[in-house]
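Below: one structure, written as structure tokens.
In what follows, chains carry the letters A, B, and so on, assigned in the order in which the sequence lines appear, proteins first and then strands, with residues in each chain numbered from 1.
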There are 2 protein chains.
Amino acid sequence: MAVSIEVLRRFDLLHELTDSALEPLAAHAVLRKFSRREIVIDPGQAESNLCFLFEGSLQGVDFTLDGREVGLYFVRPGDFCGEVGLFGHHPNPEFVVALAKSQVVLLPFSAIESVMYDIHPLIKVLSQRLARWVIELTQQRSVLSLTSIPLRIYRQLAQLSGLDLIDNPQAVASSQGAGGRSKVPDLTQEINIANPPTHQEMAIMLNTSRETVTRVFQSLQAEDIVQRNGTSSLIIKQPEKLYHLALGDG
Amino acid sequence: MAVSIEVLRRFDLLHELTDSALEPLAAHAVLRKFSRREIVIDPGQAESNLCFLFEGSLQGVDFTLDGREVGLYFVRPGDFCGEVGLFGHHPNPEFVVALAKSQVVLLPFSAIESVMYDIHPLIKVLSQRLARWVIELTQQRSVLSLTSIPLRIYRQLAQLSGLDLIDNPQAVASSQGAGGRSKVPDLTQEINIANPPTHQEMAIMLNTSRETVTRVFQSLQAEDIVQRNGTSSLIIKQPEKLYHLALGDG
DNA sequence: CATTATGTGTGATTGTCATCACGTATACTG
DNA sequence: CAGTATACGTGATGACAATCACACATAATG
């Protein structure tokens with residue numbers, strides 16, 4: 001069942017496309033629901049899709065040879081993923097998993113490949129998106145080279161809360177979309193992170209164990225820097241302290 | 001001083017472009033020599049270039065907050081780099097450094113930006129290159145998530161020698177270009193890696209120290225798996241053993 | 001609302017490897 | 001070719017965090 005142009009236009013990255021550019025795409029798009037932990041993108045499958053997240057939360061993951069899960073990025077509502085396989089003769093490098101019940105608009109590659117280089121704004125959006133992903137992966141790469149695991153976690157929290165934009169307003173986030181990232185936060189105000197990733201989801205992003213993430217959170221809570229409200233909300237109570245910890249000033 | 005179309009066409013990724021596509025580019029390209037350790041790309045500079053490596057060796061690097069160098073990729077002759085900044089309003093995310101005396105063809109962004117979306121094969125080449133870089137970064141990301149440092153080094157050596165193509169012929173390499181990567185190596189034959197990266201250059205790719213790389217090489221040499229000929233050549237004497245070590249079978 | 005599943009928290013142990021300092025070998029330069 | 005710079009090699013130390021097993025808390029489900 002196709003989706004309307006209006007549904008597609010809700011996605012930031014498509015909202016500049018003309019109706020005539022969107023119509024052939026909307027005709028082939030489908031809206032699907034995914035359960036928690038269901039696979040949204042499987043690189044082994046023959047037919048690939050561009051995936052626009054309407055509601056819920058997704059995570060791009062890879063697996064090492066020994067079966068360990070590696071976190072690559074988070075997808076928040078309003079964003080999309082799965083575009084790497086459109087360029088060249090290789091599948092997408094990553095699996096995408098639903099972290100929560102999600103609604104995703106799927107757009108088959110076959111509907112895009114024939115037109116993407118002819119619709120100027122479409123190829124521009126897609127290639128700019130790839131460039132952004134390279135930048136995100138590079139930023140995450142630098143985080144991973146920190147030898148101190150707590151420092152990685154502080155940096156990840158700074159990214160989730162937007163604190164990393166303070167020194168680098170051009171930075172892009174691993175979690176972006178309709179929620180957040182649009183403005184630099186105020187260091188004097190508490191920051192609420194809705195639906196934060198679990199300790200395990202953060203741990204696989206940072207090459208550490210969920211027990212270590214828990215212990216770092218424990219010490220941040222003991223210093224009243226963060227406060228956890230169950231699993232639905234995480235509050236940065238002292239953004240300025242977290243900001244300095246993330247800079248390595250701890 | 002501009003360069004000829006023939007010089008540009010020597011680069012694999014440009015050789016499918018027509019003369020009319022290459023002419024405006026060649027008119028603005030310059031050939032420059034860089035000394036060892038000289039900066040080829042500086043993201044802080046206003047004017048950016050696409051860089052084609054004619055001869056020598058380059059490495060893409062980033063720096064962490066505490067000034068540690070992070071290795072992102074190697075560039076071998078015949079390849080190019082520096083294309084991320086073409087897409088969107090942000091500089092390139094990486095510095096590029098000459099690892100050896102190098103000759104580089106520099107193509108200013110200003111010469112490309114006005115035509116890149118209009119020359120179909122050019123935007124295709126550039127966007128496919130971005131996609132390949134995402135795949136490379138993702139592969140390297142998986143290597144970095146291995147908790148065993150020796151296993152990371154085995155995998156890096158497998159990539160440098162082409163052994164990683166055995167199970168994944170579609171894989172792209174962090175070091176590619178005119179030399180190597182074009183065919184799957186024979187496990188029964190010694191593999192020669194010309195101008196291998198130094199222990200320090202490998203260490204920053206793998207988030208480890210050069211002492212640790214040295215110790216792992218020591219044990220590989222003790223088992224006659226690799227043999228070092230000064231700094232100009234590294235021979236994989238028992239590719240099958242390295243292949244299995246890289247799989248974690250050690 | 002009870003049961004089940006998932007996520008967080010805790011303690012103990014051990015091994016790995018970063019770090020530091022320094023020596024030796026190789027490559028480069030004038 | 002001598003001197004200098006760079007790369008490799010070595011030894012010792014201590015800290016950090018992965019790992020394992022298990023308990024407790026929270027969320028989801030029927």
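- Chain A approaches DNA chain D within less than 4.0 angstrom (heavy atoms of the protein), and the contacting nucleotides run 5' to 3' from dA17(D) to dA27(D).
- Using modelled atom types and a 3.5 Å distance limit, the side chains of Ser233(B) and Asn192(B) yield a donor-acceptor pair.
- Take the nearest nucleotide of DNA chain C for Thr147(A) and for Phe217(A): the residue whose nucleotide is more 5' is Phe217(A).
- Phe11(A) and Phe54(A) have perpendicular rings, their planes meeting at more than 60° on a 0 to 90° scale where under 30° would count as parallel.
- Using a 4.0 Å cut-off on heavy atoms, the residues of residues 224-236 of chain B that approach DNA chain C are Gly230(B), Thr231(B), listed by number.
- Of the possible donor and acceptor atoms, one in the side chain of Arg152(A) sits under 3.5 Å from a partner among the backbone N and O of Leu144(A).
- As judged by a 4.0 angstrom heavy-atom cut-off over every strand, Pro197(B) is placed among residues making no nucleic acid contact.
- Expressed to the nearest 0.5 Å, how far CG of Leu160(B) lies from CE of Met205(B) amounts to 8.0 Å.
- Atom-to-atom distance recorded for Thr147(B):OG1 and Arg68(A):CZ is 5.0 Å, nearest 0.5 angstrom.
- Nucleic acid contact class of Glu211(A) (heavy atoms, under 4.0 Å, all strands): base.
- Between Tyr73(A) and Trp133(A), the ring planes lie perpendicular to each other; the angle is over 60°, past the 30° to 60° tilted range.
- Contacts between chain B and DNA chain C, taken as any atom within less than 4.0 angstrom of a protein heavy atom, begin and end at dC17(C) to dA27(C).
- With no hydrogens or angles considered, a side-chain donor-acceptor pair links Lys237(B) and Gln227(B) at under 3.5 Å.
- Look at Arg129(B) and Asp79(B) and you find a salt bridge, because one of the NZ, NE, NH1 or NH2 atoms lies within 4.0 Å of a carboxylate O, short of that distance.
- Counting any heavy atom pair closer than 4.0 Å across all strands shown, Arg68(B) reaches sugar-phosphate atoms only and no base atom.
- No side-chain donor-acceptor contact under 3.5 Å links Ser145(B) and Ser142(B).
- Residue contacts for Pro196(A): at a heavy-atom cut-off of 4.0 Å it reaches no nucleic acid atom on any strand shown.
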Next item on the list: Before giving the answer on side chain to side chain contact (heavy atoms under 4.5 Å, CB included), spell out for Asp224(B) and Gln238(B) the whole-Å C-alpha distance, their side-chain angles and the decisive distance to 0.1 Å.
Entry: CA-CA 7 Å; Asp224(B) 208 36; Gln238(B) 303 188 56; 3.9 Å; yes
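- A side-chain N or O of Asn207(B) and one of Arg141(A) form a donor-acceptor pair less than 3.5 Å apart.
- Comparing Asn207(A) and Thr214(B) by the nucleotide of DNA chain D whose heavy atom lies nearest to each, the residue mapping closer to the 5' end is Thr214(B).
- Residue order along DNA chain D, read from the 5' end via each residue's closest nucleotide, puts Gln218(B) first among Gln218(B) and Lys101(A).
- Nucleic acid contact for Ser209(A): base, since at least one base atom lies under 4.0 Å from a heavy atom of the residue.
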